[in-house]
Number of protein chains: 2
Amino acid sequence: MSDMTSTADAPRSPGRPRSTRADEAIIDAALDLLAEGSTVESLSIEAIANRAGVGKATIYRRWPGKDALLLDALRTLKGPAPRTAGRSVRDDLVVLVGAVGQHADPRVRKIMPCLVPEVNRSSAHRQAYEAIIGPRRAAMREVLRRAVDRGELRADLDIEVAMALLTAPMLTQRMLRWHPERDERLLPERIVDTVLDGLRVR
Amino acid sequence: MSDMTSTADAPRSPGRPRSTRADEAIIDAALDLLAEGSTVESLSIEAIANRAGVGKATIYRRWPGKDALLLDALRTLKGPAPRTAGRSVRDDLVVLVGAVGQHADPRVRKIMPCLVPEVNRSSAHRQAYEAIIGPRRAAMREVLRRAVDRGELRADLDIEVAMALLTAPMLTQRMLRWHPERDERLLPERIVDTVLDGLRVR
DNA sequence: TCGATACGAACCGGTACCGTATCGAAATCC
DNA sequence: GGATTTCGATACGGTACCGGTTCGTATCGA
């Protein structure tokens, strides 16, 4: 938490220590409310306090305002990139594309779309967003780079464009729900195979 | 407008007619505020009225509430799909991909990201969104279908997946600003060529 | 000119949330 | 036990917007 780190190494302050339960309950309540459909700005401190079973003062004692609390909440969503087997580019990419928009915490899937407008507005939110997806992007970049080095993919490949081709369609499906009826389970394979081989006849 | 159509064929109601200037000013003010960064829900009737130089009553006389006004405003953004030359699949797709996220009204580009959370929540907003991009999607679908018929593209091509591969990367670049520094002008060609030919070496 | 309606502006009571303050109880250290 | 701090709860004044209403004025048809 932004202003709690000092207490860790401080010379043991007197009085009742801050409740770790409250910390978690507050962060959790904020993420729950977001996942249930609240927009970032419609989210109120009072609603978070009620949901967490906590007094408002307990929140204001920890964070200066809603934005700081929210950024801390988003920071807790950081997760590692999924492990890839490394047997083939194709299989690795299927795993990584399948992981787009997925997360250990299922609330992330509902929360990410709500962040889209914020990310374009606030650089702090953009940073939080990129911290969440950063490890996955790095993993995919590495898979592609190695495949180029091995001669499996075109030498003149623009890696960033390739990553966009692979991840963006999955993202629009999972977050924007372009085709709500479509079965998502087969989609990663379809995307990877089509991108690898291209649309043209050979 | 939702409740103004009746006046068109009505037997000429007495009294002062409603101001067309006010209609346009209200819709315009709403779109302006959205384009300037207001979120859909932070947008208030009072702010719209002030911006339009109009009394609140003038708005409430036309629409029952904010949602109806907003949907009407979004409806005015519908535009035709760009013309394609039809010389080659490649050239047509470059035109259509280049048009993703672009619009006759430049405000659309700022407004669309703000709609993302709403589209997942309200079916009315989803309809408005799809009405805006519908003509473009239809045009691209047609270009792809014809190319398959001519034997230029794979016969087993999943057209919807192909459209996602082409449009989603452009959309994430234009609306989510995944790579803010990248030059967007060359991107459509890059995307189309890469998708058509695939990543693999031949 | 007159009746009817729309206009912009201002005001109303109600609601929600802000950020702060205060309460008695609870938890920790000395 | 006493000092100190946090706890949940509640209350406070302030602000913003809601949806509706009422002004005096402006603009139409008859």
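Every heavy atom of this structure was used, including side-chain atoms; hydrogens, water molecules and symmetry mates were not. Residue numbers start from 1 in every chain, and the chains themselves are labelled A, B, ... in the order their sequence lines are given, proteins ahead of strands. Please read all numbers here as calculations on a predicted model, not as lab measurements.
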### Summary
Answer for the Watson-Crick or wobble partner of C/dA16, both distances under 3.5 Å, is D/dT15

Round to a whole Å and report the spacing from [atom1] of [X] to [atom2] of [N].
X	N	atom1	atom2	value
B/Arg61	C/dT5	CZ	C1'	8 Å
B/Arg21	C/dG8	CZ	C1'	12 Å
A/Lys66	C/dC18	NZ	P	6 Å
B/Arg18	D/dG29	CZ	C1'	17 Å

Near [X] [atom1], under 6.0 Å, is it more than 12 heavy atoms from other residues, nucleotides or ligands?
X	atom1	value
A/Arg121	CZ	yes
A/Arg21	CZ	no
B/Gln127	CD	no
B/Arg150	CZ	yes
B/Lys66	NZ	yes

### Summary
By nearest-nucleotide position on DNA chain C, the 5'-leaning member of A/Gly65 and B/Ser19 is B/Ser19

### Message
Would you say that A/Leu144 contacts A/Leu93 through its side chain, given a criterion of any heavy-atom pair below 4.5 Å between the two side chains?
### Response
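A/Leu144 reaches A/Leu93 side chain to side chain.
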
### Message
For D/dG20 and B/Tyr60 - does any side-chain N or O of the residue sit under 4.0 Å from the phosphate oxygens OP1/OP2?
### Response
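Checking B/Tyr60 against D/dG20: no side-chain N or O falls below 4.0 Å of OP1 or OP2.
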
### Message
Does D/dT25 have OP1 or OP2 under 4.0 Å away from a side-chain N or O of B/Arg16?
### Response
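So the side-chain polar atoms of B/Arg16 never come under 4.0 Å of the phosphate oxygens OP1 or OP2 of D/dT25.
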
### Task
Go through residues 39-59 of chain A and report each residue with a non-hydrogen atom lying under 4.0 Å from DNA chain C, sorted by number.
A/Ser44, A/Ile45, A/Glu46, A/Lys56

### Task
Measure from the side-chain heavy atoms of B/Arg62 and tell me the nearest of C/dC7, D/dC7, C/dT5.
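Of all the options, the side chain of B/Arg62 is nearest to C/dC7.
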
